[in-house]
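Here is the structure we will look at, set down as structure tokens.
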Amino acid sequence: MSAPTVSRRSPTPPSTPPVGALDSGRSSATPETTRRRPWLTILVAIAVLAAVLASVARGVYRDGPLEPDAPTEQGSKATVQVLRDLGVDVQTDRHTDDAVEALDAGRTVLVTAPSDLSGQQLTALAEAQEDDGGQLVLVQPDFVTLSYFTSAISPTGSLRTEADLTAGPGCGDLAHGARQVHVPGAEGLRGSSSVYRTADGAEGCFDSGDGSLVAAEDGIIVLGSADLLTNAGISEAENSALVLNVLGESGELTWYVPSAGDPMGSSGQSLVGYLPDWAGPVALWILAVGVIAMVALGRRFGPVVVEPLPVTVRPQELVLGRARLLQRSDARDAAATSLRSATSTRLADRLGLRHESALDGLLAALAPHTDRSPEQLRTLLGPTPVTTDEDLVRLAQDLDRLEKEIDR
Amino acid sequence: MRISLTPRAALAALIPLPVVVLWPSWWMLLTLFVLWALVILADAFAAPAPTAIRVRREAPIQVRLGNEVTGRLLLTNTTARAAHLEVRDAWNPTAGLAAQRTTIRVPAHERRAISQHFTPTRRGEHSSRALLVASCGPLGLARRTTRADAPGRLLALHPFGARRHLPSRVQRLREIEGLAAIHQRGQGTEFDSLRDFVDGDDVRSIDWRATARRRSVVVRTWRPERDRHVLIVVDTSRTSASRLGDATRLDSAFDAALLLTALAGQAGDRVDLLCIDRIPHVSVLGSTRTKVLHDMVTATAAVHPALVETDWDRAAGVIADRARRGSLVVLVTPVDASVVHTGLLPVAARLAKDRPLVVASVADPALEELAADRSDVEDVYRAAAAEKARAERAGVSRTLERVGAHVVDAPPDSAPQALADAYLALKAAGRL
């Protein structure tokens, strides 16, 4: 006791860590240590790469009804491919301007969705067709649409059921070599197919009774069903003969798919147009103010503080686990034995017996303190088998009661 | 130094909105934005530099867990302008700092204090991870922030709840020593004095020779040995991490160790402490009698359980180095089948051979509750498992007692008293 000191050192070699460095649980961890997870970054990178590769492998195409590049059921890649193989020059257009130009140049123009076009677009197409006589193929136009082009053809009804239509004797060239075409009923791409009545100057073909599926007048050909052109429908009956001959006749085809982004398609003054001219700058300024407010409010004043909490362990896990094991294996006798021996030990302690004394000694010592018969006591404390759960519960409660009796 | 915006900066950005309405052009927007940014920058640089604010900490060094302690942060403004400051003192949450953020105005060339109230909720070392001082501009649109260099540390000491049991144990000790007026024969080896026989004295302690010289009967008293050595070894391995009630087993173990230290200090014994798991890591050795309790409380404050096994062989070596023959060794470790089978038993046998050995264990009170609840099948199976566990513990205790150790196994709220009583019993029996 010459030099009283409080030492905080390890008597083992000096290289061993001092206090607080034994593990992270007891050391005050530096708060700045941010744990990066490289594997997460790698996983995300792999996922992105896989997505890109999958889309490349699938091929880039635009899917939609009668899209010329789409290999799906509603697309028309088959038709376009065969036309190209036949030597037809097929171009895809998405704007009315381009379609009008193509008509002016004398090409055949297929309008896949004439009903989507506005009056202005339809007028432009009709005028171009009348001036230069390029052929215009309309897929399932409605009454209003048709009225821009001709008055001789008008829709009269629709085919709700699946049907095979035969080219009648009066068809002539309009059948284009097809003897029979097949159209699905109401399950078609655009619902049921339309049939048209033809007035003077117009011809119709593939009569269904109500009207013709295909009609023509003066460079305008009306196809009553979009399913004639789809990948799914082109192979039915002799649809292909009709379609390929109609579209490939002139050797030059423009496949016009109306799009929402068409400048001619927008219906003039929109809601935005009614706003005053300062609305845009003001909106931008308010947006900027919002961003500034978020930056200002989202400021973190100093680091996030990490608490080095000490470890704690639940101590009863082992006991509870053992209880569940006993219960699952229905080890009633084992449970009863442990309860009985615990009670016996405590009773023996209380009565001043040695722990090692046999059951008989304990029973004899107990007899004067309780009003139970020796047989009852023996059943309770002796190794009597326990058969049901109810018996086990009753035994446990009886043991408890016995202990309390002796307590008094 | 960082410049950041205040929410007021966003409000200020709304002011030029009428200008945008009157002259709605993109150029105007750009001009206004640049103007706004210039105003913000000007405000930020009009603020007194936060680096020119001197910060000094008057922090308390230590506090007993459960008590409140007050510290101060002194901010001195060395600039010629008044400073509007925002201060964040980033203590870890369990340090229990009431308000981490403060707004304060310090006039030019003056000093202001921020008072801080700490109520730690966790034993151990607490520290301030960062002290940030932000200086706001005169318009309050922007602030400049810097990190001040004023490290803060606070040691939350063990609450030592068992100290309320100290007076009664010291009283018992006095009785044993014969200093208190009590009819008891001292059991030590050191002859103390002769005194008159009073009713109740042990007849065996009558000094017949002295009685013959005088008319009255005289008894001989001894006093227990003083200046003995007690070595307390606390196991900080994974078994001490068990949560019993609302504290860990280690907390109860320290409670018991501290009560024993205080009592042994009163009895005139020297106490050393060793915390051990895989390696011995904290020890209090050779402190003077008056300082030992303080040293021990300070040294154990930052000790927490580690998830490792105790290396009892190495521990035995260290204990043999520290404890001479005849000094009392107290092992504070759970009496558990797993612990005993990892090598405690041979070590205990070796230690108990030439010195008194007490194995103090903190029992789990939940076992008793589990064993008592017998309302349905699941509870009965649990009771059976708990009884089995208790029987195992009792068996282990008996095994330890057979090799010569005294085993004290008590739940957390009575473990310190039980250990102190075991010490007093050893004293009274003259074993120490």
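All chains are named by letter (A, B, ...) in the order of the sequence lines, taking the proteins before the strands, and each is independently numbered beginning at 1. Bear in mind the structure is a predicted one, so any value in this text is a computation, not a measurement.
- Your options are B:A385, B:A142, B:A12, and the one with the most heavy-atom pairs under 4.5 Å with chain A is B:A385.
- A:R350 CZ: more than 12 foreign heavy atoms inside a 6.0 Å radius.
- When atom types are taken as modelled, the side chain of A:W285 and the backbone of B:F33 share no donor-acceptor pair closer than 3.5 angstrom.
- Across B:R88, B:K388, B:R249, B:H126, the residue that shares the most heavy-atom pairs under 4.5 angstrom with chain A is B:R88.
- Within the 4.5 angstrom heavy-atom criterion, atoms from both the backbone and the side chain of A:L326 approach chain B.
- Within the 4.5 angstrom heavy-atom criterion, only side-chain atoms of A:R346, from C-beta onward, approach chain B.
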(request) Using the side chain to side chain contact (heavy atoms under 4.5 Å, CB included) rule, take B:R238 and A:V313 through it: C-alpha gap first, then chi angles, then the decisive distance, then the call. (result) CA-CA 8 Å; B:R238 62 180 180 83; A:V313 177; 5.8 Å; no
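- Of the listed residues (A:G321, A:A293, A:P315), the greatest number of heavy-atom pairs within a distance under 4.5 Å of chain B belongs to A:P315.
- For B:R129 (side chain) and A:V305 (main-chain N/O), no donor-acceptor pair under 3.5 Å exists by modelled atom type.
- Atom OG1 of A:T312 sits about 12.0 Å away from atom CG of B:D246, to the nearest 0.5 Å.
- Proximity to chain A is absent for every atom of B:L131, based on heavy atoms less than 4.5 angstrom apart.
- Heavy-atom distances place the side chain of A:L297, and not its backbone, under 4.5 Å from chain B.
- Distance CG/A:L395 to CZ/B:R374: 8.5 Å, rounded to 0.5 Å.
- Atom CG of residue A:D389 and atom CD of residue B:E378 lie 11.0 Å apart, to the nearest 0.5 angstrom.
- Of the atoms belonging to B:W36, it is side-chain heavy atoms, and not backbone ones, that fall under 4.5 Å from chain A.
- For the set B:E86, B:R8, B:M28, the entry with the most heavy-atom pairs within less than 4.5 Å of chain A is B:E86.
- Heavy atoms of A:L284 lying under 4.5 Å from chain B belong exclusively to its side chain.
- Proximity to chain A (any heavy atom under 4.5 Å) is restricted, for B:R390, to the side chain, taken from C-beta onward.
- Taking all atoms of both residues into account, the shortest heavy-atom contact from B:R382 to A:V319 is O-CG1, 4.4 Å.
- Looking at B:R101, only its side chain comes within 4.5 Å of chain A, counting heavy atoms on both sides.
- Counting heavy-atom pairs under 4.5 Å between each of B:L367, B:V21, B:L22, B:L370 and chain A puts B:V21 at the top.
- For B:V87, the part lying near chain A is the backbone, with the side chain staying farther off; criterion is any non-hydrogen pair under 4.5 Å.
- The contact list for residues 329-342 of chain A toward chain B, using heavy atoms and a distance under 4.5 Å, reads A:D330, A:A331, A:R332, A:A335, A:S338, A:L339, A:A342 by residue number.
- Heavy-atom pairs under 4.5 Å with chain A were tallied for B:T248, B:L244, B:T94; the largest tally goes to B:T94.
- A:G280 and B:W26 get closest at one heavy-atom pair: C-CH2, 4.1 Å.
- When heavy atoms are compared at a cutoff of 4.5 Å, B:Q100 does not approach chain A at all.
- Taken to the nearest 0.5 Å, the CD1 atom of A:I286 stands 5.0 Å off from the CG atom of B:L17.
- In terms of heavy-atom proximity, B:Y381 sits nearest to A:A323 at O-CB, 3.7 Å.
- Residue B:A391 does not touch chain A at all, counting heavy-atom pairs closer than 4.5 Å.
- If you measure heavy-atom distances from B:R122 to chain A, the contacts under 4.5 Å come from the side chain alone.
- Across all their heavy atoms, B:A241 and A:V311 have their closest contact at CB-O, 3.9 Å.
- Between A:P303 and B:L132, the shortest heavy-atom contact is CD-CD1, 3.9 Å.
- For B:A394, no part sits under 4.5 Å from any heavy atom of chain A, backbone or side chain.
- Annotation for A:Q397 and B:S375: closest pair NE2-O, 3.8 Å, computed over non-hydrogen atoms.
- Note that CD of A:Q327 and CG of B:D379 are 9.5 Å apart. Values are rounded to the nearest 0.5 Å.
- Using a 4.5 Å cut-off between heavy atoms, B:L273 makes no contact with chain A at all.
- Taking OG from B:S4 and CZ from A:R300, the interatomic distance works out to 13.0 Å, rounded to the nearest 0.5 Å.
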(request) Decide yes or no on side chain to side chain contact (heavy atoms under 4.5 Å, CB included) for A:R299 and B:R143, but give the supporting numbers first. (result) CA-CA 11 Å; A:R299 176 191 73 141; B:R143 36 171 130 67; 2.9 Å; yes
